[in-house]
Amino acid sequence: MSINYNITAGQVLSMLGYDNPESRKFLDGIEKEYNIKLSAVLRDFYEPAYGCPLLSTADIWTDRFCTLYEVIEEQIEEFEEEYKDNPEEGVDDEYYKFSQFLAKIPREEWQGHVTNYLEIGSDYGAGVASYGICINDLDKEDPPVYYLNEDNEMTDWRLLCNTLSEYFMLVLCDTLLCKQYNTAREALNKDGWDYNIYKSDETEKAAGRVGIDLSALKPQVLSWGKTTCGYDKERKMIVAACVDDNCELPFMAAAISKK
């Protein structure tokens, strides 16, 4: 068995049959709306990922983007309504104080106080973290991805993944392994794919049975463990795997092939 691990998340989605012709129009519209240039890595992923049902419960948005500045403007309006009768109620709210400061200066001066980000997702379950690309990094071929926790100041974005392609693959692996939701199983079964999940407490033995090269697994930053995804041309099978030593059954793999 020879598995090719040198593939992108977008290629995996294309192999699974996802290709939305409306994605080009959507991405062109984003570039025009925000006067930005989207990297080839982002476009290659979103062409099959746009509106993809497989990713409907993933930590990524598939049919919209927004900027941090837009979020701030909405917060300013919400705070004005919330505290319009008693502005002093918000004095202990750091978000409120900072937004009020920004509200008093021209928008073009915000960049001197807070960096703008193109937000591309949030954690689906709790919604306490936002994921985005620094606007100043959009001209990079494969820019890093940052995250902002809702408990932190809006200027406190922290590095999540060194590259956008890594973020896309980690999100896809989490999805294919059904770590939190059965969305992938349901979507792929509906489209006629044979979808099997393997779990075991004997990592090396189980990996050998499925044909997974454990050295191909990479650290997973969105959850515990290490993950990988590849394509077995001989078996015409997509495989995803995760090793998490903190779990009762540390090895998990998904094998996906056409029925």
Side-chain angles (χ1 to χ4, degrees), residues 6-14 18-52 55 58-76 98-99 102 105-124 127-150 152-175 218-222:
N6 189 29
I7 57 177
T8 67
Q11 288 173 328
V12 173
L13 289 175
S14 294
Y18 295 108
D19 180 23
N20 192 332
E22 292 297 312
S23 62
R24 288 78 167 175
K25 184 188 301 183
F26 164 71
L27 295 169
D28 290 343
I30 292 295
E31 289 189 332
K32 183 176 181 180
E33 179 180 358
Y34 296 117
N35 191 28
I36 57 177
K37 181 67 175 177
L38 299 176
S39 72
V41 168
L42 188 146
R43 294 191 72 103
D44 288 346
F45 174 77
Y46 271 95
E47 286 184 3
Y50 176 64
C52 178
L55 300 170
D59 291 339
I60 195 167
W61 303 329
T62 63
D63 57 1
R64 64 187 176 96
F65 294 138
C66 71
T67 66
L68 176 62
Y69 283 7
E70 287 178 311
V71 174
I72 292 174
E73 287 175 329
E74 291 178 2
Q75 289 180 333
I76 289 173
F98 190 63
S99 67
L102 293 177
I105 63 176
R107 194 176 190 272
E108 56 268 22
E109 295 181 11
W110 286 8
Q111 60 185 345
H113 304 278
V114 56
T115 301
N116 199 8
Y117 288 81
L118 181 68
E119 297 191 22
I120 59 175
S122 61
D123 61 308
Y124 182 81
V128 298
S130 299
Y131 306 119
I133 308 164
C134 178
I135 290 290
N136 298 329
D137 288 340
L138 285 175
D139 60 345
K140 296 180 179 179
E141 180 179 353
D142 198 1
V145 176
Y146 296 84
Y147 75 98
L148 176 68
N149 189 288
E150 68 174 5
N152 297 338
E153 296 181 7
M154 63 180 70
T155 57
D156 192 16
W157 285 75
R158 302 179 183 182
L159 181 67
L160 178 73
C161 293
N162 289 320
T163 63
L164 186 58
S165 55
E166 178 187 4
Y167 171 72
F168 289 151
M169 183 56 81
L170 294 180
V171 169
L172 181 62
C173 283
D174 264 6
T175 301
K218 298 178 181 179
Q220 167 69 284
V221 296
L222 297 182

Is any side-chain heavy atom of Leu13 closer than 4.5 Å to a side-chain heavy atom of Leu172? yes
Measure the shortest side-chain to side-chain distance between Leu118 and Leu38 over non-hydrogen atoms and say whether it is less than 4.5 angstrom. yes
What about the rings of Tyr167 and Tyr131, do their centers lie closer together than 6.0 Å? yes
Of all the heavy-atom pairs spanning Ile7 and Met169, show the shortest one and how long it is. O-CE, 3.4 Å
Closest non-hydrogen contact found for Phe65 with Trp61 is CA-CE3, 4.4 Å
With distance as the sole test, does Asp123 use its side chain to make a donor-acceptor pair with the main-chain N or O of Ala129 at under 3.5 Å? yes
Donor-acceptor pair, distance only, cut-off 3.5 Å: does the side chain of Asp63 make one with the backbone of Gly51? no
Can we say Glu73 and Arg107 salt-bridge, meaning some charged N sits less than 4.0 Å from an Asp/Glu carboxylate O? yes
A side-chain contact here means heavy atoms from C-beta on lying under 4.5 Å apart; do Trp157 and Asn149 qualify? no
Decide yes or no for Asp139 and Ile36: does some side-chain heavy atom of the first lie under 4.5 Å from some side-chain heavy atom of the second? no
Scanning both residues in full, the closest heavy-atom pair of Ala58 with Val171 reads CB-CG1, 3.7 Å
At what distance, to the nearest 0.5 angstrom, does OG1 of Thr115 lie from CE of Met154? 13.0 Å
Residue from Tyr117, Tyr34, Trp110 passing side chain to side chain contact (heavy atoms under 4.5 Å, CB included) with Tyr69: Trp110
Under 3.5 Å, side chain of Ser23 to main-chain N/O of Glu47, donor-acceptor pair present? yes
Between Ser39 and Leu164, is a side-chain contact (heavy atoms from CB on, under 4.5 Å) present by the stated rule, with each step listed? CA-CA 10 Å; Ser39 72; Leu164 186 58; 4.1 Å; yes
Are any of the side-chain heavy atoms of Leu159 and Pro144 separated by less than 4.5 Å? yes
Other residues, nucleotides and ligands only: do more than 12 of their heavy atoms fall within 6.0 Å of CD on Glu31? yes
Side-chain contact test, heavy atoms from C-beta onward, threshold under 4.5 Å: evaluate it for Tyr146 versus Cys161 and give yes or no. no
Measuring from Ile133:CD1 to Glu119:CD, what's the distance to the nearest 0.5 Å? 11.0 Å
From Ile72 atom CD1 to Asn116 atom CG, the distance as rounded to the nearest 0.5 Å: 7.5 Å
Do other residues, nucleotides or ligands put more than 12 heavy atoms under 6.0 Å from the CZ atom of Phe26? yes
Does Asp142 come within less than 4.0 Å of Lys140, counting only side-chain N to carboxylate O? no
Taking Gln11 for its side chain and Thr8 for its backbone only, find out whether a donor-acceptor pair lies under 3.5 Å. yes
Return the minimal non-hydrogen interatomic distance between Glu70 and Glu33, and the atom names on each side. OE2-OE2, 4.1 Å
CD (Glu141) with more than 12 external heavy atoms under 6.0 Å: no
Over all atoms of both residues, closest heavy-atom pair of Leu55 and Ala49: CD1-CB, 3.9 Å
Are Asp137 and Lys37 ion-paired here, with the side-chain N under 4.0 Å from a carboxylate O? no
Return the CD1 to SG distance between Ile60 and Cys52, rounded to the nearest 0.5 Å. 10.5 Å
How far does CG of Leu68 sit from CD1 of Ile135, to the nearest 0.5 angstrom? 9.0 Å
In Å, rounded to the nearest 0.5 Å, how long is the span from CG of Leu27 to OH of Tyr46? 8.5 Å
Any side-chain heavy-atom pair from Cys66 and Val71 closer than 4.5 angstrom? yes
Validation row: Leu102, Phe98 side chains within 4.5 angstrom (heavy atoms): yes
